[in-house]
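Note sheet for the following structure.
Values in this document were obtained by computation on a predicted structure and should not be read as measured data. Scope of the values below: all heavy atoms of this structure, side chains included, with no hydrogens, waters or symmetry mates. Lettering of chains follows the sequences in order, A, B, ..., and the numbering in each one begins at 1.
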Amino acid sequence: MSAPPAEDLVRQWEREQARLRQQVVEEDTEDWQRSPDFSGLERVGGVDLSFIKGDDVNACAQLVILSYPDLEVLYEDSQMVTLTAPYIAGFLAFRETPFLLEALERLQENQPTLLPQVVFVDGNGLFHYREFGLACHLGVLSGLPCVGVAKNLLQVQGVYKSEEHQSQALRSSDRSSKPVYVSVGHKISLDTAVRLTHSCCRYRVPEPIRQADCLSREYLRIHFPAADTGIKE
DNA sequence: GCGACAG
DNA sequence: ATCTTGTCGC
């Protein structure tokens, strides 16, 4: 009857990624990025989405701004959102980016002085099938420097799980044997991205992302307690 | 059928 | 993403 929607959608998304890919800036563009101790860097952002179990449509979109180098929370924004795009590996950005941008726009409108100088994103940047992961997507559309940090290895062509990959991956904190995968999102070099990630880690996951994750989960816990425990009135 | 599959 | 508490180890 009708054309397979998923296939057409993916083609359209691939074209969009190819178009935006050209706008990624893979080098350092900010003065603080050149500084050995990142002097001049005062605010780092983190974004994440958390879901209610068994519901892949309603989620809490979280933006958090931390001070640097103290990593104290300066700003937090939790917003329930309704996702429209499905999750397809390689196209995560089309599912999440709109709501992360909205959060940044709310910040821009309400507390522009707190806008982050760099944003940590839960997912990959250039380390992506088409070199355009979520961190690049958010970076290009927001214009902000972004760093991608993934907790799991995406098996991009040419990259395999091995001793090599283990040695390339970043052991972010002393205590974590399991690595994280850092890649360039936008307006930052890989070297700086790795250095900055290390500098923002108290635990395995960089503090901005970890805080965004904790706060969005807490929001769901408070506003949707036991959302599927079969509690009826 | 098998393996991969960021979040 | 989520299902999931306590537990073993440094």
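Judged by centroid separation below 5.5 Å and plane tilt below 30°, A:Tyr181 does not stack onto the base of B:dA6.
Checking the phosphate oxygens (OP1, OP2) of B:dA6, a side-chain nitrogen or oxygen of A:Tyr87 falls inside 4.0 Å. Applying the 4.0 Å criterion to OP1 and OP2 of B:dG7, one finds that A:Asn152 has a side-chain N or O inside that range. A close approach under 4.0 Å does not occur between any side-chain nitrogen or oxygen of A:Lys53 and OP1 or OP2 of C:dT4. In this model, the phosphate group of B:dA6 is not approached by any side-chain N or O of A:Arg95 to a distance below 4.0 Å at OP1 or OP2. Under 4.0 angstrom from either OP1 or OP2 of B:dG7 there lies at least one side-chain N or O belonging to A:Lys151.
Across all strands shown, A:Gly148 has no heavy atoms under 4.0 Å from either base or sugar-phosphate atoms. Here A:Asp48 lies in heavy-atom contact (under 4.0 Å) with sugar-phosphate atoms only. A:Leu154 comes within 4.0 angstrom of the backbone, heavy atoms only, and of no base.
The CG atom of A:Leu100 sits 14 Å away from the C1' atom of B:dA6 (whole-angstrom rounding).
Between A:Tyr219 and A:His223, the ring planes lie parallel to each other; the angle is under 30°, not in the 30° to 60° tilted range. A perpendicular orientation is assigned to the rings of A:Phe38 and A:Trp32, their planes being inclined by more than 60° (bins at 30° and 60°).
For A:Ser189 and A:Glu27, the side-chain atoms include no donor-acceptor pair closer than 3.5 Å.
From A:Thr192, atom OG1 reaches atom CD of A:Glu30 across 11.0 Å, with rounding to the nearest 0.5 Å.
Looking at the side chain of A:Gln155, the nearest of the listed nucleotides B:dG7, B:dA4, C:dA1 is B:dA4. Nearest to the side chain of A:Tyr129, among B:dA6, B:dC5, C:dA1, sits B:dC5.
Nucleotides C:dT2 and B:dC5 place their C1' atoms 15 Å apart, quoted to the nearest Å.
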